[in-house]
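Contents: one structure, followed by commentary.
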Protein chains: 2
Amino acid sequence: MSFSTKGEYGVRLMVQLGRRYGRGPSSLAEIATDEDLPRPYLEQLVMSLRDAGLVISTRGSHGGYELSRPPDEIPMIAVLRVLEGPIAPMICATDESASAHEPTCDRTARCTVNFLWIRIRDAISTTLEGMTLADLVPERLAPIAGPILVERRPASLPDPALA
Amino acid sequence: MSFSTKGEYGVRLMVQLGRRYGRGPSSLAEIATDEDLPRPYLEQLVMSLRDAGLVISTRGSHGGYELSRPPDEIPMIAVLRVLEGPIAPMICATDESASAHEPTCDRTARCTVNFLWIRIRDAISTTLEGMTLADLVPERLAPIAGPILVERRPASLPDPALA
DNA sequence: AGTAATCCCGACAGATTCGGTCGGAATTCG
DNA sequence: CGAATTCCGACCGAATCTGTCGGGATTACT
């Protein structure tokens, strides 16, 4: 049971964009360097994030990517659904609209087994729904201009002084 | 994010063994037929379950497999750990003793990202720790001999009358 | 003893996904 | 125009998934 590096890299990408939020578009090359990740691979990931409306792209020179809205309005479940597909520990327990997949469940013991996957799915979904990108962005880089953003540490995040 | 069919098939296998608990060893062929799964593939899975001490094998004619202890003493987290490996949504967030893998976490934003995977891992672990195989065995087949086992429906399981 | 049933076990293999790479076209800024 | 950057499709090696195959070892029954 594990997520792929798509999820890992994609989340790290989003965190970087979160730190840069309010500073206009950032180039992929910049982020790839900061996170030490292969830029061509990030391209694939960021394009799906763009298609999902989580980031906005600006083409041409001085272009790049930026969050489509503030980090605290981006639930992590949305990010991971884009990167990893629907939260579905098993086909018969997807969390997206394609619930019409039920005809596959005609096994004898399937109904109760299904119950297990649904429990797991709900546990993950609930956890993810309670987190936003802001929970993962520890230090916001100062914006170029504009009001100073108050560093609001969510109650769900442990005190950084302990780390 | 998904489990493989190893987990699916293995759990179904365990459920079948749960239904047959108290009736001596059951052959894999029998279970493969009941669940309509490829027997040679089940062999692989059941052997790891045996190595983990969850099932006991009896060789020779009239041999087969049976649970090593009652279904309600088999936590589902143990089953899935055997079948799918440690509950680790990401390398840096495993739930097993190999926590010495931390040196890989030296990235800038990694610490906070790690927090996400740990949250997910804990959500899954907690859910799985609260379930035993008995929660997935709806109808216990009557044992050949011995006292009648009371059908104890755990509070966590929804009323079957609703299904 | 012989035979049938069954587990045991290792090797193989096709399909799919993972984790990228490469090259170039399109767009925009200076 | 030229440099920076996104956009996009094609390709690719390696690993994993999902099995299959063949035979050996062990036991029960007759």
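Per chain, numbering begins at 1; letters A, B, ... match sequence-line order.
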*Nearest whole angstrom, please: distance from the P of C:dT6 to the CE of B:Met47.*
17 Å

_Beyond-backbone contact of A:Pro75 with A:Leu128, side-chain heavy atoms, under 4.5 angstrom_ = no

_For nucleotides 13-19 of chain C, give me one character per nucleotide, 5' to 3': B if any protein heavy atom sits under 4.0 Å from the base, S if the only such contacts are to the sugar-phosphate, - if neither._
-----SB

*Only pairs at least two apart or in different chains count here, so list each salt bridge (charged side-chain N to carboxylate O under 4.0 Å, His left out) that has a residue in residues 120-132 of chain A.*
none

*What is the bend of the helix from C:dA1-D:dT30 to C:dG30-D:dC1 when you compare the axis at one end with the axis at the other, using five pairs each and rounding to 10°?*
10°

Hey, can you pull the donor-acceptor pairs under 3.5 Å for the side chains in residues 58-69 of chain A, sequence neighbours left out?
unit_1, atom_1, unit_2, atom_2, d
A:Ser68, OG, A:Gly53, O, 2.8
A:Ser68, OG, A:Leu54, O, 3.1
A:Arg69, NE, A:Glu73, O, 3.1

*Please state how far atom CG in B:Leu17 lies from atom P in C:dC7, giving the value in whole angstrom units.*
11 Å

*Which is true for B:Pro38 with a 4.0 Å heavy-atom rule: it touches a base, it touches only sugar-phosphate, or it touches nothing?*
sugar-phosphate

_I'd like to check the salt bridge (charged side-chain N to carboxylate O under 4.0 Å, His left out) partners of B:Glu30; sequence neighbours left out, ordered by chain and number._
B:Arg20

*Taking only residues two or more places apart in sequence or in another chain, which ones pass side chain to side chain donor-acceptor pair (under 3.5 Å) with A:Ser4?*
A:Glu84

*Could you tell me whether the side chain of B:Asp36 and the main chain of B:Thr33 form a donor-acceptor pair under 3.5 Å?*
no

*asked:* If you define the side chain from C-beta out and look only at heavy atoms, does anything of B:Met131 sit under 4.5 Å from B:Leu136?
replied: yes

*Would a 4.5 Å heavy-atom cut-off, applied to side chains only, mark B:Leu13 and B:Leu28 as touching?*
yes

For residues 38-49 of chain A, which side-chain donor-acceptor pairs fall under 3.5 Å, sequence neighbours excluded?
unit_1, atom_1, unit_2, atom_2, d
A:Arg39, NH1, A:Glu43, OE2, 2.8
A:Ser48, OG, A:Leu45, O, 2.7

*asked:* Using side-chain heavy atoms (C-beta onward) and a distance below 4.5 Å, is A:Phe3 in contact with A:Leu83?
replied: no

_What is the distance, to the nearest angstrom, from the CG atom on A:Leu45 to the C1' atom on D:dC8?_
15 Å

*asked:* Nearest whole Å is fine: how far is C:dT21 C1' from A:Leu37 CG?
replied: 15 Å

_Expressed as a whole number of angstroms, how long is the span from B:Leu42:CG to C:dT6:C1'?_
15 Å

Using the 3.5 Å cut-off, write out each protein N or O paired with an N or O of nucleotides 4-6 of chain D and the distance between them.
unit_1, atom_1, unit_2, atom_2, d
D:dA4, N3, A:Ser61, N, 3.3
D:dT6, OP1, A:Leu28, N, 2.8
D:dT6, O2, A:Arg59, NH2, 3.4

_Going by the rule side chain to side chain contact (heavy atoms under 4.5 Å, CB included), which residues pair with A:Ala88 if we only count those two or more places apart in sequence or in a different chain?_
A:Thr94

_What is the separation between atom CZ on B:Phe3 and atom P on D:dT16, rounded to the nearest whole Å?_
18 Å

*Rounded interatomic separation in angstrom, taking CG from B:Leu83 and P from D:dC17*: 12 Å

